[in-house]
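Each remark here refers to the structure printed beneath this line.
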Amino acid sequence: MKEVYYSFIFGYFKDHLPKISLAILGISLGIALFVSTQINAWRAEQTVIDQMIGYSSENFIGRYLAINQNQGAKDSFIKTLESVTPDNIKLEPEFQTKGILNLTKDQMISIPVIGKDFLLSQVPIETKNKSDKFPKYLMSQTLAEKIQSRGQEGSISICNNDFTIPKDEFLILPTEGLFLVMDIVRLQSICKLNENLTSIKLTKESEVNVPITIKEIGSEQWVYESKEILIERAGLALGSLKINLTIVSLVSVLISFFMVSNMFTGLFLARKQEFGILLSIGSSKINNFLLFLFQAMVIGFLGGLVGILFGIFIANTNLIATVNTVTDTNQIQSYRNIPVSIIFSGFCISIFGSILASLYNSYKTFRILPIDLIRERETEKNFSLLGLSKTKIFYLSLLSIPLGVSLGLFSFAKQIMPGMIGVGLVIFGFVLFIFLSIPICIKILDRILSKLNVSPSIEIGLKELSAEPWKYGLTASTIMLSTSLVFTLTSLTDSYEKSLVRWVDEENKSDYSLINEKKLNTGEPGVPTSLFDDMEKNPKFSRVEPFYVDSKFVVNGKYYTLHVLTFDNSYDKNQLIVSKNLCFLDQICKGDFITINTDLNSQVSIKIQDQKEHFFSERGTIMMDYSYFRKNFNIKFLSSIRIFKNKNLSEKETKDTLQKISEQNGLKYINLNELKKIYLDGMNQVFSILDTLKISALIISILALSTSLIYFIKEKSKVLAGLKAIGMDSFQMFQLIYSQALFLVSLGFFAGILSSLILSPIVIFGINRNAFGWVLDFQYPMHFVVKLPILIPFITVFICLIPFYFLERMKISKELKYE
């Protein structure tokens, strides 16, 4: 039996390497996108967790956090903790701030700078570059590489003090991340916050539960957070990102397995007689079934292996970005570890997906009889699916589409499953319509073409399609799904862009904005508040407004985005405004009270006076008036200053004034169009993964159609060889396969356009609304639809090149030789 399996599977692979390679490539593209997105999602979550707990060891069990993170709190609290802490729990004081690393003249990155007591903390000093003296700095491997790539010394700004880091004064820590560690007393002195701590970490020396007495110690300046709470907060912060990455990657996998299912249909037709031979020499129907299934598992395994390796390559070369307002791209890129669970998931999806894709054809091998040895082929004149007639299939498809639309538009905060089920039902309905429409469309085309006196080769090619609608329906369905995906995602990104531009126009009425371009990419504010105070008094401007953003503003243990600006006079400046998506997602709405931790007044309960559409943060935005913010928080820098020009001054005078201010303070002024570009660039970076998915989907569709045509040539080799023998030339042979490809591409494209018109509202007003709470301005790429009739013939020529190459190499004597 081993010889049978080896000969049947590996013997065929050896003799038909191009066909099998195309199938493996199709699977690997889907798996690669899944693996790479999951790796990046894991790394993004890991960066958030590590920054929360200060890149601590596995022994970390919790921490006390200073409510005022900018200033910290007095370290006298550690004496209170020591009095109730058992001996098997260690207390590690820590002071953490942010540093700005200067990579180039115009590029900076923000990194955590962590002050530790090296005698108390478990810092791994044993490194590859030991020194006789204790180093001033400890840094992660990636940070060291960035500094060393610039030369012998690094330049970093900590608490507005600039330092150089000579090569002989730092050691490299064998940990991932992008951070710097130094002695806590020295860092406190640099920041002029002596005896202040930002956190007190609890680590265990053995398995132990944190005593209740530690958790319940009361303090106005400190709050306890367990490791579980921190991990949960990181998960909540990146929940929407992880969901989107998973959905995006699984859709790509679905398209891959549509192609694989089509490939298995061709594989069955090409090897049907072999199953008949096996039956005639003593094999059983069950063995045939298992043989075909095992063949699918081998292809799935190989496709998964290639896909995982390719996915790891994509993740490690940062070809796909996982960006949102919480994550830091530089931090994510500093991680290189890969969880085994992601590799295992990739293999499972690849193998089980291949099994499911081949299940129908495996069942058909079970029904093969020895008489199939002498049959040329079994046509599908009485086409049915799972025993259902054409009428029942029609009604099933007609029912699934409106049901899918109803489920897809169901409004339920943070629940995307109804939308995903709705999308699946709509796709299922369109796939069934394609199977039913192929014979009907070809019959109509046949009547039209018979009156136009077209080449007989075109008619032969089309009639061959109508003989096997199931096989070619899968090919058209793959093209339909890819086209629908491309148009739906384009509609989504266009809708985001239109909504974003509208929001910028509504929220930013200023003529210019003053920004710190170098710190813009770090996410750190860089425009001095003192400059704003001076510009307020400057008569050359009619009005200036402050703007401050904190993307990690914690309320009730969750991350939100804080916007500080100047409220209109119609609003109470001592109350808050929240975005509508925050109200929809977390039910924090108009009339509610929230408690926030402040720098100057400890905890403050404040009322929400209104809610409005605010297109900025996917987790929700809290808006606060600048005057109230200054009463409760210490800040030295703003994110930007919004400037309204004085109408009595000319445009040139205003620009000259702004240019002078910019040069004096190392800033840059931009107009409204440039501001929109900054927002749009940020949006495009977030959605860059969707562009990758579009390209992947189109490549898989091309592979699916090429594979289908290659199997057609192999299956009909005797017929095609006979046609060549009686005088059909190369051009006519090309017309034959071109007519088939053109029909399938056209049917798939237009079915994809029609389905995307239904799926786009589901994605935008259903899934996207439930996930992020936004109501976008609907936009559909009609300009691309208009171009399709021109593009389709040229795309089809490209797809036919490889199949035509195999057709040209066909030898008449070999194909017509009967043994």
Side-chain angles (χ1 to χ4, degrees), residues 67 223 229 232-241 243-244 324-326 408-419 495-496 499-500 502-504 506-508 547-598 601-629 631-633 763-778:
I67 291 175
V223 60
I229 289 175
E232 181 183 1
R233 183 186 297 169
L236 291 170
L238 297 175
S240 57
L241 174 69
I243 288 171
N244 277 320
N324 74 353
T325 53
V326 174
L409 295 176
F410 184 72
S411 181
F412 201 134
K414 300 181 181 179
Q415 295 296 321
I416 63 168
M417 190 53 65
S495 298
Y496 264 102
S499 303
L500 182 60
R502 173 181 57 80
W503 176 77
V504 173
E506 291 175 355
E507 293 294 321
N508 297 271
F547 186 63
Y548 175 83
V549 178
D550 182 355
S551 62
K552 295 182 180 179
F553 191 68
V554 179
V555 177
N556 298 332
K558 296 181 181 179
Y559 277 134
Y560 298 107
T561 297
L562 174 69
H563 274 197
V564 178
L565 61 158
T566 301
F567 284 178
D568 292 338
N569 293 328
S570 58
Y571 289 113
D572 186 339
K573 298 184 183 294
N574 294 318
Q575 296 182 3
L576 302 177
I577 303 172
V578 297
S579 58
K580 287 185 177 179
N581 69 321
L582 176 59
C583 176
F584 178 77
L585 294 173
D586 288 341
Q587 289 73 54
I588 300 176
C589 305
K590 180 179 180 180
D592 294 338
F593 284 82
I594 61 172
T595 301
I596 59 176
N597 297 325
T598 68
N601 298 302
S602 188
Q603 291 188 334
V604 175
S605 179
I606 184 169
K607 183 180 180 181
I608 298 170
Q609 60 181 316
D610 197 10
Q611 59 198 44
K612 66 178 183 177
E613 197 70 51
H614 197 77
F615 189 81
F616 193 86
S617 169
E618 68 271 18
R619 291 164 285 112
T621 307
I622 298 171
M623 287 154 273
M624 183 183 295
D625 185 75
Y626 182 67
S627 61
Y628 185 81
F629 183 74
K631 293 177 185 176
N632 291 279
F633 295 90
V763 171
I764 293 171
F765 301 118
I767 296 174
N768 187 76
R769 163 70 168 162
N770 290 340
F772 304 116
W774 286 324
V775 179
L776 302 178
D777 301 330
F778 184 76

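For the numbers below, each heavy atom of this structure counts, side chains included, while hydrogens, waters and symmetry mates do not.
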Residues at least two apart in sequence or cross-chain that pass ring-ring contact (aromatic ring centres under 6.0 Å, His included) with Phe633, listed by chain then number, are Phe629
- Do Thr566 and Phe547 come close enough that some side-chain heavy atom pair is under 4.5 Å? no
To the nearest 0.5 Å, atom CG of Asp572 lies from atom NZ of Lys607 at 9.0 Å
To the nearest 0.5 Å, atom OH of Tyr628 lies from atom CD of Gln575 at 9.5 Å
For Lys631, the salt bridge (charged side-chain N to carboxylate O under 4.0 Å, His left out) test, sequence neighbours excluded, returns none
message = Between Met623 and Leu565, does the side chain to side chain contact (heavy atoms under 4.5 Å, CB included) criterion hold? Intermediate values first, please.
response = CA-CA 7 Å; Met623 287 154 273; Leu565 61 158; 4.2 Å; yes
Tyr496 meets the side-chain hydrogen bond (donor to acceptor under 3.5 Å, both in side chains) criterion, sequence neighbours left out, with Asn768
So OG1 of Thr598 and CG of Asn632: to nearest 0.5 Å the spacing works out to 5.0 Å
request  = Examine distances only and state if a side-chain atom of Thr595 and a backbone atom of Ser605 form a donor-acceptor pair shorter than 3.5 Å.
outcome  = no
Those residues at least two apart in sequence (or on a different chain) that pass salt bridge (charged side-chain N to carboxylate O under 4.0 Å, His left out) with Asp610 are none
To the nearest 0.5 Å, atom CD of Gln611 lies from atom SG of Cys583 at 4.0 Å
In terms of heavy-atom contacts, Thr621 and Leu582 come closest through O-CD2, 3.9 Å
The side-chain hydrogen bond (donor to acceptor under 3.5 Å, both in side chains) partners of Ser579 (sequence neighbours excluded) come to Asn581
His563 and Trp503 aromatic ring geometry - parallel, tilted or perpendicular at 30°/60° bounds
tilted
Nearest heavy-atom approach of Gln609 to Phe567 is NE2-CE1, 3.7 Å
The side chain to side chain contact (heavy atoms under 4.5 Å, CB included) partners of Asp568 (sequence neighbours excluded) come to Ser570, Tyr571
Under 3.5 Å donor-acceptor, Asn770 side chain and Phe410 backbone = yes
So, do Ile608 and Ile577 sit near enough that their side-chain heavy atoms are less than 4.5 Å apart? no
Taken in chain and number order and not counting sequence neighbours, the residues that satisfy side-chain hydrogen bond (donor to acceptor under 3.5 Å, both in side chains) with Ser627 are Asp625
When rounded to the nearest 0.5 Å, the distance separating CZ of Phe765 from OG of Ser495 is 7.0 Å
key: Note: Lys612-Glu507 ion pair, threshold 4.0 Å (strictly below)   = yes
Taken in chain and number order and not counting sequence neighbours, the residues that satisfy salt bridge (charged side-chain N to carboxylate O under 4.0 Å, His left out) with Glu613 are none
Give the intermediate values and the outcome of side chain to side chain contact (heavy atoms under 4.5 Å, CB included) for residues Ile594 and Ile622. CA-CA 11 Å; Ile594 61 172; Ile622 298 171; 4.1 Å; yes
In short, side chain to side chain donor-acceptor pair (under 3.5 Å) pairs touching residues 583-594 with sequence neighbours left out are Lys414-Asp586, Tyr560-Asp586
By side-chain hydrogen bond (donor to acceptor under 3.5 Å, both in side chains), Tyr548 pairs with (sequence neighbours left out) none
